Amino acid sequence: MFVILLGAPGAGKGTQAEIISGKLGLAHVATGDLFRQAVEKNDMLGRLVKGYMEKGLLVPDEVTIRVLSERLNGPDCRTGCILDGFPRTLEQARALDKTMSERGQAVDVAVYIEVPEAELLKRLSGRWICRKCQAPYHEVSSPPKVAGRCDKCGGELYQRADDKKETVRERLKVYFDQTAPLLDYYSKKGKLARVDGRLAIEEVSGRIMSHLHAGSTRTK
Ligand code: AMP
């Protein structure tokens, strides 16, 4: 099963992708994580994408599509995966459809996690991420048991450079300009499911799971 999680930065895509991929035994593929790892390593890709990420801008489609396609060729993505943060433009969505059809496969469902803008701003400004396993925390709504340490792997927690207020505003603007049109794209294909992202984390994952189990409940 190939599942796309759509939603603005801060909607909870990473958290939900982690939960759903665990429940279904599917790989969690996040282009943002792949780019951040490259920046940490300071390799060629990392040097290429760093500037875009720091400004809250999208990495060019050509680069992003190449990185994603290589990742999809991994053995753990042969029969499915949870895509988190990809696609983010219409061009990426079309490229994904093409790649999938060449493999004789298709995206099964795109789940849109809906959260109002004011709530997104609040969430992003208090967000902490594990340097080792990328698990997200929030200083108010989901703090770690030990300050600065990941509950899951004990890794160090840090604040992403692009979670600064000005960058957050730019990322949200980019989202509404470039990524929101994807809702229409998947809706027209009858593949869009909507979930209220303001609900508790477990409630959101429960609703996502029921959409995945019952393809017939997908809404247009
Ligand atoms: P994320 O962790 O998904 O919020 O992504 C962090 C940053 O990585 C974004 O602000 C973009 O600069 C870049 N990025 C991640 N995924 C994509 C994508 N699908 N297309 C273009 N840029 C991306």
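Note that the structure is a prediction, hence the values are computed from the model and not measured. Ligands are counted one by one from 1 in listed order, and the atoms in each one are counted from 1 as well.
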Apart from Val140 itself, its cluster of hydrophobic side chains linked below 4.5 Å comprises none
What do you reckon, is CD of Glu62 surrounded by more than 12 foreign heavy atoms closer than 6.0 Å?
no
Where do Arg78 and Arg103 come nearest, in terms of heavy atoms and distance?
O-NH2, 3.5 Å
Sub-4.0 Å heavy-atom environment of ligand 1, residues by chain:
Thr31, Gly32, Phe35, Arg36, Met53, Leu57, Leu58, Val59, Thr64, Gly85, Phe86, Arg88, Gln92, Arg160, Asp162, Arg171
Taking the six-membered ring of Tyr185, is NZ or CZ of Lys189 closer than 6.0 Å to its centre and within 45° of its axis?
yes
Looking at residues at least two apart in the chain, or sitting in another chain, which of them share a salt bridge (charged side-chain N to carboxylate O under 4.0 Å, His left out) with Lys23?
none
Who are the salt bridge (charged side-chain N to carboxylate O under 4.0 Å, His left out) partners of Glu40, not counting sequence neighbours?
Arg131
